[in-house]
Every structure is written in C-alpha cells, then in structure tokens.
Number of protein chains: 2
Amino acid sequence: MELKQAQEKFISTWGAFGTQWGINRTMAQIHALLLISEEALSAEDIMKKLNVSRGNVNMNVRDLLSWGIVHKVLKFGERKEFFAAEKDIYKTAIQIMKERRKRELGPVLELLEGLKLAEINEQGGDHFNKVVGEIHTFGESTNKMLDKMIKADEHWFTGSLMKFFVKK
Amino acid sequence: MELKQAQEKFISTWGAFGTQWGINRTMAQIHALLLISEEALSAEDIMKKLNVSRGNVNMNVRDLLSWGIVHKVLKFGERKEFFAAEKDIYKTAIQIMKERRKRELGPVLELLEGLKLAEINEQGGDHFNKVVGEIHTFGESTNKMLDKMIKADEHWFTGSLMKFFVKK
DNA sequence: CTAAACTTTCAATAACTTTTGAAAGTTTAA
DNA sequence: TTAAACTTTCAAAAGTTATTGAAAGTTTAG
C-alpha cells in the first residue's frame with residue numbers, strides 16, 4: 001500500500017469511528033490528520049486536505065484545543081496560526097479522561113448527591129434510595145480511580161497499572 | 001422532595017446525559033426507569049410512563065437487550081413480556097465495557113493492524129508507521145486491561161483494583 | 001492610519017438521527 | 001382453525017446536529 005492511501009484510510013476510518021462515539025466526523029478526521037502530520041498545519045491546509053469549509057475547520061479546531069489534545073503552533077515570520085496534535089498517545093488518553101471526567105462524571109455525581117440529600121421517606125422510597133446510593137458509590141470509586149491515573153506521571157499507565165493487570 | 005419528583009428528575013437527567021454520550025435520550029430514559037422500578041415493566045408500562053410510542057420502546061428495549069444490561073422477564077399467567085434492568089451497577093458497568101470493547105476497540109485494532117502490515121517504506125513513511133505503531137501498542141494494552149477486568153469476578157472492581165489505586 | 005491578511009461568527013441549509021403510528025407479522029388459547 | 005393479544009417493522013415526519021460561506025471582526029505590517 002502507498003503512504004498516501006494508508007494515510008487516507010487512517011483519516012477516513014478514524015472519522016467513521018468518531019461518529020460511533022459522540023465525536024463528529026470532521027473533528028475526528030482533523031485529529032487523525034494532525035496526528036500523522038509531521039508539521040503543524042494551518043486552517044487552510046486542513047481545509048484543502050479534508051475538503052471542508054473554513055468555518056467547519058475553525059469550529060472543530062477550537063473544540064480540539066478545548067479538549068487540550070491539539071495545540072497552536074506559531075511559526076516565526078508567519079502570520080497565520082498552525083495546529084499540531086499532541087503526539088504522545090498516553091498524554092492524549094489521559095487528557096481525554098480528564099476532560100470526560102469533568103464534563104460527564106462531574107454532573108452525574110452532582111445529580112446523585114442532590115437526590116441522596118433529598119432523603120425520600122415515602123412508601124417505595126427504599127428501593128430508589130438504594131439504587132441512587134449504589135450508583136453514587138460506584139461513581140465516586142471511578143472518580144477516585146481516574147484521579148490517581150490523572151495525577152500520576154506519563155509512564156505510569158503502561159508501567160504500574162499494566163504490571164498490576166498482567167501479574168494477576 | 002417527593003419520591004415521584006425525584007424519580008422524574010433521575011429519569012430525565014439520565015436521558016439528558018445519555019445524549020451527551022452516543023446514547024439516545026429514550027434509550028437512556030428507559031434504562032433509568034427500569035433501574036428504579038422494583039417490578040419488571042411491559043412495553044405498555046414504559047410507553048405510558050415516558051410518553052413515547054410503541055415502536056420507539058420496542059426499538060430501544062431491543063437495543064438495551066443487545067447490550068446485555070436489560071433482561072426479559074416472563075410472568076406466569078401473563079402473555080406479555082416484561083423487562084428489568086440488571087440492578088448490580090458493577091455488573092452493568094462490566095457489561096458495558098465488554099460491549100464497547102467488542103464494538104469499538106476491536107475494529108480500531110483491526111484497522112491499525114492492517115496499516116502496520118502494509119509496511120510503508122516510502123519517503124515520509126517513518127513518522128506514519130511510528131504513530132500507527134504507538135496507537136496500536138496503546139490499544140493492545142487497553143485491550144489486555146479490559147480483558148482482566150472483564151474476566152475477574154464482580155467484586156474485583158471495588159476490591160483489588162480500588163485498593164491498588166487507594167494505597168498508592 | 002490603512003489595507004491586507006487572516007480568524008471568527010452566524011444564519012441558512014444540508015445531512016443525519018429519532019420518533020411515530022399504522023400495518024404486517026407472530027403466537028397462543030380455545 | 002380462528003380471533004384475540006401481543007410484537008415487530010418501516011416509511012414518513014419531526015427533531016437534531018453539522019456544514020457552508022459570506023459577512024463581520026481582528027491583527028499586523030508598512
């Protein structure tokens with residue numbers, strides 16, 4: 001297979017997977033493109049390569065920046081901005097965990113805490129309280145686990161955690 | 001707060017979170033409803049409680065069944081089918097991991113293996129091979145980790161894994 | 001300060017996903 | 001075998017999200 005074909009396959013398949021998740025196709029494709037680009041790319045470059053509009057590129061690049069997995073790169077003597085993906089896949093994964101925790105787990109825990117504080121004493125409330133309590137406990141455990149993973153250094157995921165799983 | 005209010009809040013908020021993920025609102029709401037119902041519910045029951053059509057209930061219940069987090073319950077003397085959610089939240093989480101691994105991680109690993117086998121030797125191929133290789137290694141590690149988690153018993157998540165994270 | 005080079009916004013529209021409900025299909029009891 | 005009770009399907013409609021591209025905004029060089 002040729003390099004160009006392989007690159008295109010990577011980008012388009014990554015985009016298709018993105019949509020299966022909650023991520024939109026263009027965002028996933030831009031990320032894939034930046035991952036395999038040695039050089040940082042400008043909005044113009046991305047537009048041309050992926051055949052999408054300026055507005056679309058701008059919106060999705062900003063989204064990737066807000067996830068902290070793509071960075072602005074300024075080149076001397078160039079006025080325009082360039083973008084590059086974090087190339088360390090572990091750092092990328094940790095960063096995604098971090099954001100998902102903040103955006104998704106946080107609000108869930110808030111809901112559950114609120115419902116626990118409501119202290120339902122009505123008939124039939126026992127089951128409800130039990131379910132809410134159990135989900136909350138589970139959420140708290142997950143939260144703690146993510147906390148440790150996030151605070152640990154980059155090689156920790158492959159190091160200690162992997163040893164823990166492999167030795168068992 | 002009253003029980004009924006609390007239940008409604010749980011269901012509707014769970015549904016809203018669902019859409020943030022890749023899950024559709026009705027599916028998330030049906031799951032929430034079944035989680036807090038002591039009794040198994042019929043399609044009819046779900047239609048009434050959530051105010052959605054028969055077809056919609058049917059489609060989403062089938063989806064939940066395919067995820068293995070909701071089960072059919074047959075009541076003696078009743079012709080219709082009833083549905084109940086798996087109530088153990090750890091089992092539910094493990095089941096979701098299992099399915100996501102199969103549906104999402106599997107195809108990604110296949111893509112990466114295919115691209116690795118392509119052995120690109122062209123100019124500029126080194127960087128591409130490196131990126132693909134690193135993502136693949138990461139995916140394999142994650143896969144192994146999930147494997148251990150899935151094969152372990154139910155209390156293992158809270159037991160050994162949590163101790164591992166807390167003692168550090 | 002001005003014009004050129006660039007980035008951001010946003011309303012319109014296209015593309016996609018979910019939902020409905022009626023019709024078709026299936027199962028069961030008598 | 002038939003009819004009632006129930007489940008599934010599917011095409012159309014509603015709802016949602018992504019994309020475009022032109023206009024507005026911003027920055028920088030001269």
Side-chain angles (χ1 to χ4, degrees), chain A residues 11-34 39-67 70-84 103-104, chain B residues 11-34 39-67 70-84 103-104:
Chain A
I11 293 169
S12 70
T13 313
W14 207 253
F17 288 142
T19 54
Q20 280 214 328
W21 265 78
I23 297 156
N24 85 57
R25 196 182 67 213
T26 307
M27 186 168 151
Q29 286 188 348
I30 293 176
H31 188 225
L33 172 63
L34 293 177
E39 292 285 306
L41 303 180
S42 68
E44 204 88 13
D45 296 335
I46 299 169
M47 281 169 68
K48 271 186 208 141
K49 289 252 188 185
L50 302 181
N51 228 306
V52 290
S53 72
R54 186 174 296 287
N56 199 2
V57 167
N58 183 273
M59 203 180 155
N60 283 295
V61 164
R62 296 214 297 102
D63 223 341
L64 286 165
L65 290 169
S66 87
W67 276 86
V70 159
H71 307 286
K72 278 191 186 177
V73 175
L74 299 172
K75 291 195 190 173
F76 293 114
E78 291 258 26
R79 184 129 147 225
K80 60 176 119 170
E81 294 175 325
F82 292 82
F83 305 97
R103 299 175 191 208
E104 290 161 18
Chain B
I11 293 170
S12 70
T13 314
W14 207 252
F17 288 143
T19 54
Q20 281 213 325
W21 264 80
I23 297 156
N24 85 55
R25 195 183 69 213
T26 308
M27 186 168 150
Q29 286 188 346
I30 293 176
H31 189 224
L33 172 63
L34 293 177
E39 292 285 305
L41 303 181
S42 68
E44 204 89 12
D45 295 335
I46 298 169
M47 285 169 65
K48 271 185 209 143
K49 290 252 186 184
L50 301 181
N51 229 307
V52 290
S53 73
R54 186 173 296 287
N56 198 3
V57 168
N58 183 274
M59 203 180 155
N60 284 296
V61 165
R62 294 208 307 98
D63 223 342
L64 287 164
L65 289 169
S66 87
W67 276 86
V70 160
H71 307 285
K72 279 191 185 177
V73 175
L74 299 172
K75 291 194 188 172
F76 294 112
E78 290 259 27
R79 185 129 145 223
K80 60 177 119 168
E81 294 175 325
F82 292 82
F83 304 96
R103 299 174 191 209
E104 290 160 19

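Hydrogens, waters and symmetry mates are skipped; everything else that's a heavy atom, side chains included, is used.
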*Rounded to the nearest 0.5 Å, what's the gap from CG on A/L65 to CD on A/E81? Could you check?*
8.5 Å
*In whole angstrom, what separates A/L74's CG from D/dT27's P?*
14 Å
*Could you please spell out the steps behind the side chain to side chain contact (heavy atoms under 4.5 Å, CB included) verdict for B/T19 and B/N24?*
CA-CA 5 Å; B/T19 54; B/N24 85 55; 5.8 Å; no
_Tell me which pairs pass salt bridge (Lys or Arg N to Asp or Glu O under 4.0 Å) where either residue lies in residues 42-58 of chain B, with sequence neighbours left out._
B/E44-B/R54
Could I get a table of every N or O pair under 3.5 Å where one atom is in the protein and the other is in nucleotides 4-10 of chain D?
unit_1, atom_1, unit_2, atom_2, d
D/dA5, N3, B/R79, NH2, 3.1
D/dT7, OP1, B/E81, N, 3.2
D/dT8, OP2, B/N58, ND2, 2.4
D/dT9, OP2, B/R62, NH2, 2.6

*Taking CG from B/N60 and P from C/dT17, how many angstroms apart are they, rounded to a whole number?*
15 Å
*Measure the distance from CD1 on B/I23 to P on D/dT16 and round it to the nearest whole Å.*
18 Å
*side-chain N/O B/N24 vs C/dT19 OP1/OP2, d < 4.0 Å*: yes
*Which whole-number value in Å describes the distance from A/F76 CZ to D/dT28 C1'?*
17 Å
*For the pair made of CZ in B/R25 and C1' in D/dT17, what is the distance, rounded to whole Å?*
14 Å
*Between C/dT18 and B/T26, is there an OP1 or OP2 to side-chain N/O distance shorter than 4.0 Å?*
no
*asked:* With side chain to side chain contact (heavy atoms under 4.5 Å, CB included) as the criterion, how do A/F83 and A/V73 come out once you've worked through the C-alpha distance, each side chain's angles and the decisive distance to 0.1 Å?
replied: CA-CA 6 Å; A/F83 305 97; A/V73 175; over 6 Å; no
*asked:* My understanding is that only residues two or more places apart in sequence, or in another chain, count here; which of them pass side chain to side chain contact (heavy atoms under 4.5 Å, CB included) with A/A16?
replied: none
*Answer yes or no for B/R62 and B/W67: cation-pi contact, defined as NZ/CZ to six-membered ring centre under 6.0 Å and angle to ring axis within 45°.*
no
_Rounded to whole Å, please give me the gap between CE in B/M27 and P in C/dT17._
15 Å
